[in-house]
> 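The structure is given below, and queries will be raised subsequently.
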Amino acid sequence: MADKPMDIRERTFQFGLEIIQFIEKIPHTRTGNSIANQLIRSGTSIGANAQEALAASSKADFIYKTNIALREARETQYWIRLLMESKLIIDKEIETLFQESDEITRILGAIVSTARGKRKIR
């Protein structure tokens with residue numbers, strides 16, 4: 001990573017790319033395909049909604065769209081955890097994806113909380 005921290009929109013875009021590449025490693029079984037479909041939808045939707053928040057028409061709209069990105073991030077964590085715990089796929093990359101989804105979830109949560117005025121800025 002560069003000296004400058006990534007913008008959340010760029011970080012979620014990169015995460016979406018990682019999800020797209022990872023999906024191909026999931027076994028092509030009925031269960032694998034079902035989870036892969038859910039994961040691709042939620043994992044790429046995070047960045048799309050973060051991008052939408054950029055064009056928000058108001059503070060309330062920004063909070064709403066960022067909150068959708070947060071919900072998608074939480075859903076993505078669920079599908080990744082399901083893959084890990086079911087041992088449907090055993091790959092070190094899945095742990096990295098889970099960690100990144102957790103960090104993105106925390107960042108988006110902080111953004112929503114700050115925008116709502118419920119978090120003290122240090």
> Count the heavy atoms belonging to other residues, nucleotides or ligands that lie under 6.0 Å from CZ of Phe98, then report whether that count exceeds 12.
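Yes, enclosed.
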> Working to the nearest 0.5 angstrom, can you tell me the gap between Glu93 CD and Lys25 NZ?
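Rounded to the nearest 0.5 Å, the CD-NZ separation comes to 3.5 Å.
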> List the steps, then state whether side chain to side chain donor-acceptor pair (under 3.5 Å) holds for Gln14 with Glu18.
CA-CA 6 Å; Gln14 291 301 320; Glu18 290 171 18; over 6 Å; no
> Among side-chain atoms of Gln99 and Glu95, is any donor-acceptor pair under 3.5 angstrom?
no
> Taking the side chain as every heavy atom from C-beta outward, state whether Asn67 and Arg116 have any pair of such atoms under 4.5 Å apart.
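Answer yes - side chains close enough.
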> Does Arg11 pair with Asp7 as a salt bridge, N-O distance under 4.0 Å?
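Salt bridge: no.
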> Over all heavy atoms of both residues, which pair between Ser101 and Gln77 is shortest? Give the atoms and the distance, please.
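Shortest heavy-atom contact: OG-CG, 3.1 Å.
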> Which is it for Phe15 and Thr76 under the side chain to side chain contact (heavy atoms under 4.5 Å, CB included) test, yes or no, and what are the steps along the way?
CA-CA 11 Å; Phe15 181 72; Thr76 299; 3.8 Å; yes
> Test of understanding: clusters of I, L, V, M, F, W, Y form through side-chain heavy atoms closer than 4.5 Å, transitively. Do Leu17 and Ile19 belong to the same one?
no
> Ile35 pairs by side-chain contact (heavy atoms from CB on, under 4.5 Å) with which of Ile40, Leu83, Thr29?
Leu83
> Do any N or O atoms from the side chain of Ser86 and from the backbone of Leu82 form a donor-acceptor pair under 3.5 angstrom?
yes
> Taking all heavy atoms of Gly47 and all of Thr12, pick out the closest pair and write down the distance.
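It is CA-OG1, 3.2 Å.
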